[in-house]
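In what follows, residues are counted from 1 in the order of the sequence shown.
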Amino acid sequence: MKKLLNELKNIVEDNCKFEMQYQINYVSNSKQWSIDVCSPYSEKWVYCEYGLDLKELLEECIKKVKEFINNFKWEE
């Protein structure tokens, strides 16, 4: 789990030009985790999901953040 958390942190920090912010929460009344990743360069959330399995959410989040970075087209 620590490896996945560090990977997400490093991706966000290494791509600081996207000004991404992320938040990981545990919602006790629904007993679910949530991960939100936003960037002012995205029209919608880069990633915004909730579920019971934090590891699964982190893996999917990392995948989506990498896709956002790799597919982003800078305006010239």
Side-chain angles (χ1 to χ4, degrees):
M1 188 72 64
K2 185 175 181 179
K3 180 182 173 190
L4 291 171
L5 289 167
N6 282 331
E7 184 176 354
L8 178 59
K9 178 180 74 82
N10 291 335
I11 291 168
V12 169
E13 288 177 353
D14 291 347
N15 293 280
C16 59
K17 63 186 174 194
F18 289 102
E19 300 176 32
M20 284 185 279
Q21 296 180 5
Y22 67 94
Q23 186 171 2
I24 300 171
N25 292 306
Y26 180 73
V27 183
S28 59
N29 61 349
S30 65
K31 298 180 181 175
Q32 292 190 345
W33 291 94
S34 69
I35 301 179
D36 302 317
V37 181
C38 64
S39 168
Y41 295 97
S42 177
E43 293 179 15
K44 57 182 182 172
W45 292 96
V46 175
Y47 184 79
C48 181
E49 292 294 332
Y50 60 93
L52 299 174
D53 188 341
L54 180 57
K55 182 181 178 197
E56 186 178 291
L57 285 172
L58 281 167
E59 290 170 340
E60 185 65 19
C61 177
I62 290 167
K63 178 182 165 188
K64 294 296 184 183
V65 169
K66 286 179 177 179
E67 285 176 9
F68 169 74
I69 292 166
N70 291 334
N71 295 327
F72 188 83
K73 304 287 187 232
W74 290 100
E75 292 184 20
E76 296 180 19

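For the side chain to side chain donor-acceptor pair (under 3.5 Å) test, residues two or more places apart in sequence or in another chain that qualify with K66 are E7. Shown here are the ring-ring contact (aromatic ring centres under 6.0 Å, His included) partners of Y50, two or more places apart in sequence or in another chain: there are none. Not counting sequence neighbours, the partners of E13 by the salt bridge (Lys or Arg N to Asp or Glu O under 4.0 Å) test are K9.
In this structure, N15 CG and F68 CZ are separated by 9.5 Å, a value rounded to the nearest 0.5 Å. The distance from atom CD1 of I35 to atom CH2 of W45, rounded to the nearest 0.5 Å, is 12.5 Å. Note that the NZ atom of K17 and the CD1 atom of I69 stand 8.5 Å from one another [nearest 0.5 Å]. Note that the OG atom of S42 and the CD atom of E19 stand 12.5 Å from one another [nearest 0.5 Å]. Separation of atoms OG (S34) and CD (Q23) is listed at 7.0 Å; rounding is to 0.5 Å.
K55 and D53 make their closest contact through N-OD1, 3.0 Å (heavy atoms, listed as atom of the first residue, atom of the second, distance). Between M20 and S39, the closest heavy-atom pair is CG-CB, 3.7 Å. The two residues I62 and L4 make their nearest non-hydrogen contact at CD1-O, 3.5 Å. V37 and C61 get closest at one heavy-atom pair: CG2-SG, 3.6 Å. The heavy-atom pair separating L52 from K31 by the smallest distance is CD2-O, 3.1 Å.
Summarising the local packing, CD of E56 is surrounded by 12 or fewer heavy atoms from other residues, nucleotides or ligands at distances under 6.0 Å. No more than 12 heavy atoms of other residues, nucleotides or ligands shown are found within 6.0 angstrom of CD on Q21.
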L54/Y26 under side chain to side chain contact (heavy atoms under 4.5 Å, CB included): CA gap, chis, key distance, verdict: CA-CA 9 Å; L54 180 57; Y26 180 73; over 6 Å; no
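One hydrophobic cluster, built from ILVMFWY side chains closer than 4.5 Å, holds both Y47 and M1.
For an aromatic pair to be called close, the ring centres must be under 6.0 Å apart, and W74 with F18 satisfies this.
Residues L58 and I24 meet the side-chain proximity criterion, which asks for heavy atoms closer than 4.5 Å.
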